Amino acid sequence: MSVVKTRFAPSPTGYLHIGGARTALFSWAYAKRHGGQFILRIEDTDVARSTPEAVQAILDGMAWLQLDHDEGPFYQMQRMDVYKRMIQRMLDEGHAYYCYCSKEELDALREQQMQQGIKPRYDGRWRPEPGKVLPPPPDNVPPVVRFKNPTEGVVVWQDLVKGRIEIANAELDDLIIARADGTPTYNFCVVVDDWEMGITQVIRGDDHVNNTPRQINMLKALGATVPQYAHLSMILGDDGQKLSKRHGAVSVMQYHEDGYLREAVLNYLARLGWSHGDDEVFSMAQFCQWFDLDHITPSAAQFNTEKLNWLNAHYIKTLPLERLADEVKPRLLALGITDTQAPDLHAVLTLYRERANNLNQLAKEIAFFYQTPVINEADAAKHIQPETAAIIEAFVQQVQDSAWTADILHDALNQVVAAQQIKFPKLAMPLRVAVIGIAQSPSIDQVMALLGKTVCLQRLRVLFPNLTA
RNA sequence: GUCCCCAUCGUCUAGAGGCCUAGGACACCUCCCUUUCACGGAGGCGACCGGGGUUCGAAUCCCCGUGGGGACGCCA
């Protein structure tokens, strides 16, 4: 039994989006599960569309998700000599041949076939056959190389996700494996690489199902071992539409920017199209022990931001405080906050992490600890009444000479409420508005204790300038 | 058009012929907790695409519809 080896093979024509990330995650997890190797291969043979920025974006995305590869990254453009040697071999062994059709000729053929209602495909006009006389090669058309696909029989494989798939060779045509300029095309490079790199399980998107029989035929022509295939269904956007620029096909790094933890994204993606009974929340370590191809859903899955948010909230609540602080600090910095010493960020996070489901939101919510809050007008209008100043006055009288802890403040609050014969919110809400700018917060006594006496009193005086205390 | 794939609550899914009066999670609704908003707790709403078979018995197997998706490039 050969050792398991999987690969993630993106083409660098854009960022790493959520669908690609899941494919990578599953390939990675499969290798981990079986003690195998996971390799990263950049399929950059489309020179016109590949960019170094996209390569970097993919590397960044993989790094953020911590989907580390054991080998690579390999770049197909650096393996040209390998492909060219293989193409020559195919030619020499009669598995491939030169085709002198021009693009225009091919386009015309395709159009004609479409009109006739038949599947558009190459008609084999340059395909050599015993007893067949080929036209003389035109001297102004540089030839492409085509693979001589079998014309009869069927290609069958046991897909690890979708089960047995069978496609008739009659449905396939002779695909181009080398362009007129001599460069190899995608399907050929994949075949050569998967073979040479010893890939045992090809885990990829199911848009490749139709390429699989061609690849199997080429593998067989080369005398290579055919790997196992697992075709993952696609991920649909939140709106049920195909993922695209307008439908949330954003970079995984966008999730990072938008305040999501990698733990949440990974857990969410793992659970999208794969299941382990009723388990919903699990670590990547656990996932790597559980992951298998038998429990992958063959149908497409719709992305659900609400559930991602829920997982994000879970991880914000349970992450080690140190980790959480590291995630929040840069986001506070983006709000102009550099110093998180006083009050202590860990203490602030302990108080606030319970209620957050997003890192950016969390940073925004605790910003008032480190900078002057903006008073929310609606909250102020609602909670600051004509009698409020007197109530605040009484409160300040009560606490100005005492120690400043949550317990003491808690008692003081209750005493003032009792003495003034008012409902608790009559005091608590104006305090919130004055001290933190809005009417929603954890217990106001705890918030004020963290903020400190000086700052609290100072902020109270801003909103209630006539305090005598 | 041709070929291929798919089909359980709004969404992600459990389910491999009897354990299913179909389970869990997100969302939603109600109640509880409460110092507001959250968090948390307890309930609730809510699905096997349709039709034929096979079988004592089908969400599970088969066929046909229907619907959705994918592929048909000198793109990957």
Side-chain angles (χ1 to χ4, degrees), chain A residues 9-13 43-46 48-50 76 99 101-103 106-107 110 113-121 142-146 159 161-163 165-168 170-173 175-187 189-190 205-213 231 233-234 236 238 240 242 268 271-281 294-295 297-311 313 317 352-357 365 379 382-383 410 413-414 417 423-429 431-433 438-445:
Chain A
S11 61
T13 55
E43 311 216 321
D44 53 358
T45 53
D46 184 354
R49 295 198 306 155
S50 299
Q76 289 187 325
C99 167
C101 285
S102 66
K103 285 182 187 177
L106 258 16
D107 288 344
R110 210 171 356 253
Q113 288 167 326
M114 288 286 247
Q115 276 175 5
Q116 286 172 12
I118 55 176
K119 190 169 183 165
R121 49 198 234 244
V144 298
V145 178
R146 286 184 185 271
D159 196 273
V161 171
K162 297 187 185 276
I165 298 180
E166 174 179 318
I167 293 176
E171 292 296 329
L172 274 23
D173 63 0
L175 78 161
I176 293 171
I177 60 176
R179 302 181 179 93
D181 65 5
T183 59
T185 58
Y186 165 77
N187 273 297
C189 297
V190 167
D206 71 359
D207 48 335
H208 288 293
V209 166
N210 293 275
N211 289 325
T212 306
H231 287 101
S233 61
M234 60 186 302
L236 271 20
D238 235 334
K242 184 186 175 182
Y268 179 73
R271 197 59 191 66
L272 192 60
W274 175 84
S275 62
H276 184 267
D278 288 338
D279 294 305
E280 295 286 351
V281 179
D294 298 335
H295 291 83
T297 309
S299 54
Q302 190 171 318
F303 194 88
N304 185 230
T305 306
E306 300 279 6
K307 192 162 181 179
L308 207 213
N309 287 342
W310 172 73
L311 278 167
K317 274 182 276 197
Y352 267 80
R353 72 196 309 198
E354 287 289 326
R355 46 205 300 115
N357 69 5
E365 280 182 352
D379 283 346
K382 186 175 175 191
H383 297 291
H410 184 83
L413 250 15
N414 282 126
V417 163
K423 295 278 194 187
F424 203 98
K426 273 282 185 194
L427 170 57
M429 300 311 266
L431 280 177
R432 285 195 170 92
V433 173
I438 57 172
Q440 297 81 41
S441 81
S443 293
I444 189 62
D445 43 29

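This structure is a prediction, so every number in the text was calculated from the model and none was measured. In what follows, every chain begins at residue 1, and chains take the letters A, B, ... in the order their sequences are listed.
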Participant: Could you pick out which residue, N187(A) or Q440(A), lies toward the 5' side of RNA chain B when each is mapped onto its nearest nucleotide?
Facilitator: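 The residue closer to the strand's 5' end, by nearest nucleotide, is Q440(A).
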Participant: Distance check: side-chain N/O of K317(A) vs OP1/OP2 of G40(B), anything under 4.0 Å?
Facilitator: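 Checking G40(B) against K317(A), a side-chain N or O does come within under 4.0 Å of OP1 or OP2.
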Participant: Let me spell it out: for each of M429(A) and E306(A), pick the nucleotide of RNA chain B with the closest heavy atom. Which residue's pick is nearer the 5' end?
Facilitator: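 Nearer the 5' end of the strand: E306(A).
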Participant: Could you please name the option among C4(B), C39(B), C12(B) that lies closest to any side-chain atom of V209(A)?
Facilitator: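 Side chain of V209(A) sits closest to C4(B).
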Participant: On a whole-Å scale, what distance lies between the P atoms belonging to G50(B) and A59(B)?
Facilitator: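 That atom pair is separated by 11 Å.
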Participant: Checking all strands, does S441(A) fall into the base, sugar-phosphate, or nothing category for heavy-atom contacts under 4.0 angstrom?
Facilitator: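 Counting heavy atoms under 4.0 Å across all strands, the contact made by S441(A) includes a base.
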Participant: Below 3.5 Å, does any donor atom in the side chain of D206(A) face an acceptor in the base of G70(B), or the other way round?
Facilitator: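 Such a pair does not exist between side chain and base.
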Participant: Scan L272(A) against the nucleic acid and name what it touches under 4.0 Å (heavy atoms): base, sugar-phosphate only, or nothing.
Facilitator: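 It contacts sugar-phosphate atoms only.
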Participant: Please identify each residue that fulfils side-chain contact (heavy atoms from CB on, under 4.5 Å) with N357(A), with sequence neighbours left out.
Facilitator: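 If we apply the side-chain contact (heavy atoms from CB on, under 4.5 Å) test to N357(A), skipping adjacent residues, the hits are N309(A), A313(A), Q361(A).
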Participant: Provide the distance between the two C1' atoms, one in C29(B) and one in U8(B), to the nearest whole Å.
Facilitator: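 So the two C1' atoms sit 23 Å from each other.
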Participant: Would you say the base of U35(B) and the side-chain of R432(A) have a donor-acceptor pair closer than 3.5 Å?
Facilitator: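 Indeed there is one.
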Participant: Counting only side-chain nitrogens and oxygens, does R179(A) get under 4.0 Å of the OP1 or OP2 atom of A76(B)?
Facilitator: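 True: R179(A) side-chain N/O within range (under 4.0 Å) of A76(B) OP1/OP2.
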Participant: Is any side-chain N or O of R121(A) under 3.5 Å from a base N or O of C72(B), one able to act as donor and the other as acceptor?
Facilitator: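 No pair found.
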Participant: Are any non-hydrogen side-chain atoms of R432(A) and I438(A) less than 4.5 angstrom apart?
Facilitator: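 When only atoms from C-beta onward are counted, I438(A) and R432(A) do not touch, as no gap falls below 4.5 Å.
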Participant: For G73(B), does OP1 or OP2 lie under 4.0 Å from any side-chain N or O of R110(A)?
Facilitator: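 It does, given that an N or O in the side chain of R110(A) lies less than 4.0 Å from OP1 or OP2 of G73(B).
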Participant: Hydrogens and angles aside, do H231(A) and D206(A) bring a side-chain donor and acceptor to less than 3.5 Å of each other?
Facilitator: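 No, no side-chain donor-acceptor contact under 3.5 Å.
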Participant: Taking C61(B) as the reference, what is the distance to A38(B) when you measure between their P atoms (whole Å, please)?
Facilitator: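 The same atom, P, in both gives a distance of 45 Å.
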Participant: Expressed as a whole number of Å, how far does the C1' atom of G67(B) sit from that of C26(B)?
Facilitator: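 Each nucleotide's C1' atom is 26 Å from the other's.
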Participant: Using the C1' atom as the reference point in each nucleotide, state the distance between G17(B) and U2(B) in Å, no decimals.
Facilitator: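 Approximately 37 Å lies between the C1' atom of G17(B) and that of U2(B).
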Participant: State, with a plain yes or no, whether a side-chain heavy atom of E280(A) is found less than 4.5 Å away from one of K307(A).
Facilitator: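 When only atoms from C-beta onward are counted, K307(A) and E280(A) do touch, with a gap below 4.5 Å.
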Participant: For A58(B) and C45(B), measure between their P atoms and round to the nearest Å.
Facilitator: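 Approximately 27 Å lies between the P atom of A58(B) and that of C45(B).
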Participant: Looking at C49(B), which nucleotide sits across from it as a Watson-Crick or G-U wobble partner, both distances under 3.5 angstrom, or is there none?
Facilitator: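 For C49(B), the partner nucleotide comes out as G65(B), under the 3.5 Å rule.
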Participant: Do T183(A) and D181(A) have side-chain atoms, one donor and one acceptor, less than 3.5 Å apart?
Facilitator: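 Judged by distance alone, the side chains do pair up.
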Participant: At less than 4.0 Å, is any side-chain N or O atom of S233(A) found next to OP1 or OP2 of G69(B)? Yes or no.
Facilitator: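 Checking S233(A) against G69(B): no side-chain N or O falls below 4.0 Å of OP1 or OP2.
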Participant: Counting heavy atoms from C-beta on, name the nucleotide in G24(B), C39(B), G73(B) closest to the side chain of K307(A).
Facilitator: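 In terms of side-chain proximity for K307(A), the closest of G24(B), C39(B), G73(B) is G24(B).
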Participant: Suppose you measure atom P in A16(B) against the same atom in U60(B); what distance do you get, rounded to whole Å?
Facilitator: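 12 Å, rounded to whole Å.
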Participant: Can you tell me which nucleotide in A76(B), G70(B), U11(B) comes closest to the side chain of N304(A)?
Facilitator: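 Nucleotide nearest to N304(A)'s side chain: U11(B).
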Participant: Base, sugar-phosphate or nothing for H208(A)? Non-hydrogen atoms, less than 4.0 Å.
Facilitator: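 Counting heavy atoms under 4.0 Å across all strands, the contact made by H208(A) includes a base.
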Participant: Side chain of A180(A) only, heavy atoms from C-beta on: which candidate in U11(B), C74(B), U35(B) is closest?
Facilitator: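 Of U11(B), C74(B), U35(B), C74(B) is nearest to the side chain of A180(A).
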Participant: Under 4.0 Å, counting only non-hydrogen atoms across every strand here, what does N211(A) touch: a base, just sugar-phosphate, or nothing?
Facilitator: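 Base, at least one base atom sits under 4.0 Å.
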Participant: Would you call K382(A) and D379(A) a salt bridge, using N to O less than 4.0 angstrom?
Facilitator: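 Between D379(A) and K382(A) there is no salt bridge, as every charged N stays at least 4.0 Å from the carboxylate O atoms.
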Participant: Determine whether a donor-acceptor pair (one donor, one acceptor, N or O, separation below 3.5 Å) exists between the side chain of H276(A) and the base of U13(B).
Facilitator: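 No, the side chain and the base share no sub-3.5 Å donor-acceptor pair.
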Participant: Taking the same atom, C1', in G23(B) and in C4(B), what whole-Å distance lies between them?
Facilitator: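 Looking at atom C1' only, G23(B) and C4(B) are 33 Å apart.
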